[in-house]
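Please read the structure below before turning to the comments.
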Amino acid sequence: MPQADIDRTIQAVWRIEQPRLITGLSRMLRDVTLAEEFCQEALLAALEHWPTSGIPEKPGAWLMATAKHLALDHLRRAKMLARKHEMIARELEQEQAAMPDPDSGLDDDIGDELLRLIFTACHPLLSREARAALALRMICGLTTEEIARAFLVADATIAQRIVRAKRTLSESGLAYETPRGEQLSERLASVLEVVYLIFNEGYTAAGGEDWLRPQLCHEALRIGRVLVAIAPHEPEAHGLLALMELNASRMAARTDAAGEPILLPDQNRALWDRLQIRRGMLALARARELGGAGGFYALQAAIAACHAEAPTVEATDWPRIASLYAALARLVNSPVIELNRAVAVGMAEGPQAALEIVDRLAHEPALKKYHLLGSVRGDLLQKLGRHGEARAAFEAAAELAGNRREQNLLRRRANAAASAAMP
Amino acid sequence: MRFMYIVTSPQPHVGPTPELLGAMHKLADREIKAGRMLDNGGLMPVETGAQVRISDGKLSVIDGPFVEAKEIVGGYAIFELRDKEEAVAMAVEFMQLHKDFLPGWEGTCEVRAFAGP
């Protein structure tokens, strides 16, 4: 096997074991950022040894034993005299004496530790960008390079972001703590926000060449699934998972072979992913059972569910979507939500009623640079037969769009409106 | 990438031991908590099923068991993973459990990627 293939195989084995490794280490070290470092070092050790020794029969046990050794050495070498560290070193030595215990790996319930890891990586003290990078690194096991590629920024930027975030956590003494009770729900909001940010960055890339970056969607979905498994009583965790599953179910239908976006009304619904829709509906039902039907994510998931259940655009329950957007607008006052409500009203009651809402939004400062305002307005004007105005709206929207694929789409629509305007 | 795991065996009547079942449940639990396993299921013995077959242009229904079948499908699982290497690593871990907890058993875990759009 060529070296590159061996390395890929080893990395794959490591990623499978990564959640158990990092949670096991963080429990021992009482520091999730330190745990993450030894988790990485265990990977380096595997990359060094396994090509000659072969992959062990119990790779998880090997990685865990190696990481423990490394952690112990580190603590000894650093001569950390603090009592905390002495105590940990002693505990580690005792555990080491009991090693190896190759079959115990599966017995660890990683749930609590994983929850702690996620809450630490997504601490509200950190910026949203730092939280996203740390979450991808610590929960999904992505490398700095992979994270940088996903967010279209330089490797060094991400590396620095991670180092700073870890330092912030260590210096504030927050590297190992779990919120409980009421604090948990509060902190959960910070976690969900980051997961949704990661998902959306993949679902509708704000910039760059590609409109969709599926890997980010998959990573966000994975964290979402982890969250509902380890925090099963939090309705908004189910709500967010439902929203992501339902939106992601349309991924295969959202772009054509050339990577250009296909808008919802034009999508081939046969390409929607039934398994994902089923999972999304289950998660939404769970959110409702837990009393969370009116939550920020559950409401958006309910809107996505209306689309998922509709066999055609025409058969979609637009009045219900409009009322769900109205409920969402009562929850968070946002012109973007109002714009979305306008689209639903347009489908339920006709373009004139929708245009009245959109025109009321025209002077919203928050929407000044928002390309979708022009896009929606152009669409409504087009339907009303006002082609000249529609073309101007699409052209203005294309100027504001940051993503090249979206620009192309809006220019095509402007041209179509221009052709329709011809007598 | 989404992968289907199909477990087949020429010894369909060798049922899992309680130890194997326990280990598999723990693995499934870990994988659900890791957000990687989407779906899984075991299948009832072939006697409970049937085959609907087209051969020589003729359609026929055959009730189980199927004497000529060499490998019987016993169960499946669906995982969302990053690449084929990860998918294979997962299958190796799954089959290692069979080696450890069901000595003498023989079988195959086939790993197949779902067709993309």
Side-chain angles (χ1 to χ4, degrees), chain A residues 5-20 23 55 57-60 102-103 105-111 114-115 139-142 146 214-215 218-230 241 245 248 251-257 268 271 273 275-276 278-279, chain B residues 1-6 16-41 75-103 105 109 111-117:
Chain A
D5 288 355
I6 297 171
D7 285 357
R8 277 165 66 92
T9 302
I10 294 172
Q11 275 163 18
V13 170
W14 176 83
R15 278 201 302 268
I16 295 290
E17 300 294 342
Q18 189 264 359
R20 196 161 59 195
T23 49
I55 294 176
E57 224 174 58
K58 306 268 196 305
D103 295 324
L106 278 181
D107 285 323
D108 296 342
D109 181 7
I110 63 171
L114 207 47
L115 198 60
I139 303 157
C140 304
L142 259 61
E146 286 170 323
Q215 201 208 340
H218 288 310
E219 301 298 350
L221 270 162
R222 207 186 123 191
I223 305 175
R225 291 173 187 142
V226 170
L227 274 173
V228 301
I230 59 183
L241 180 61
E245 297 269 17
M251 273 199 315
R254 287 180 81 231
T255 50
D256 64 16
N268 175 0
L271 294 176
D273 185 330
L275 172 64
Q276 216 149 19
R278 205 163 68 233
R279 291 177 59 88
Chain B
M1 288 172 84
R2 197 171 291 174
F3 291 90
M4 168 80 87
Y5 291 71
I6 307 149
T17 56
E19 291 76 24
L20 177 60
L21 274 180
M24 286 199 297
H25 283 154
K26 279 178 196 156
L27 183 67
D29 183 60
R30 185 195 82 190
E31 286 310 306
I32 289 168
K33 282 180 180 157
R36 294 187 287 226
M37 189 163 84
L38 301 187
D39 198 8
N40 72 322
Y76 77 95
I78 299 175
F79 278 76
E80 184 77 57
L81 298 164
R82 208 162 292 148
D83 50 33
K84 187 184 160 192
E85 283 79 6
E86 221 173 278
V88 172
M90 185 67 75
V92 168
E93 184 172 13
F94 177 76
M95 290 303 266
Q96 181 69 41
L97 294 181
H98 285 68
K99 188 164 169 276
D100 292 345
F101 296 114
L102 199 57
W105 181 83
C109 177
V111 184
R112 302 280 297 275
F114 274 68

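Proteins come first, then strands; the chains are lettered A, B, ... in the order of their sequence lines, and each starts at number 1. The structure presented is a predicted model; accordingly, all values stated were derived computationally and were not measured.
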Please look at Arg279(A) and chain B and tell me whether the side chain, the backbone, both or neither of the residue comes under 4.5 angstrom of a heavy atom of that chain. side chain
Please flag which part of Leu275(A) lies under 4.5 Å from any non-hydrogen atom of chain B: side chain, backbone, both or neither. side chain
Given the options Asp273(A), Ile16(A), Val226(A), which has more heavy-atom pairs under 4.5 Å with chain B than any of the others? Ile16(A)
Could you check whether any side-chain N or O of Arg222(A) sits under 3.5 Å from a backbone N or O of Ala34(B), counting only pairs where one atom can act as donor and the other as acceptor? yes
Answer whether the closest heavy-atom distance between the side chains of Met90(B) and Glu31(B) falls below 4.5 Å. yes
At a heavy-atom distance under 4.5 Å, which candidate from Leu38(B), Ile32(B), Asp83(B) has the highest pair count against chain A? Leu38(B)
Quick check on Ile78(B) against chain A: is it the side chain, the backbone, both or neither that has a heavy atom closer than 4.5 Å? side chain
Under 4.5 Å heavy-atom distance to chain A, tell me which part of Lys99(B) shows up: side chain, backbone, both or neither. side chain
Which heavy atom of His98(B) sits nearest a heavy atom of Trp105(B), and at what distance? CD2-CZ3, 3.7 Å
Top of Glu80(B), Gln96(B), Arg82(B) for chain A proximity - count of heavy-atom pairs under 4.5 angstrom: Arg82(B)
Between Glu57(A) and chain B, with a heavy-atom cut-off of 4.5 Å, which part of the residue counts as in contact: side chain, backbone, both or neither? both
Please look at Glu219(A) and chain B and tell me whether the side chain, the backbone, both or neither of the residue comes under 4.5 angstrom of a heavy atom of that chain. side chain
Glu245(A)/Arg225(A) ion pair, N-O < 4.0 Å: yes
Backbone N or O of Asp39(B) within a donor-acceptor pair of the Tyr76(B) side chain at under 3.5 Å? no
Given the rule in the side chain to side chain contact (heavy atoms under 4.5 Å, CB included) test, do Thr23(A) and Lys33(B) qualify, once you have shown the distances and angles that lead to the verdict? CA-CA 12 Å; Thr23(A) 49; Lys33(B) 282 180 180 157; over 6 Å; no
Residue among Glu86(B), Lys84(B), Glu85(B) satisfying side chain to side chain contact (heavy atoms under 4.5 Å, CB included) with Val88(B): Lys84(B)
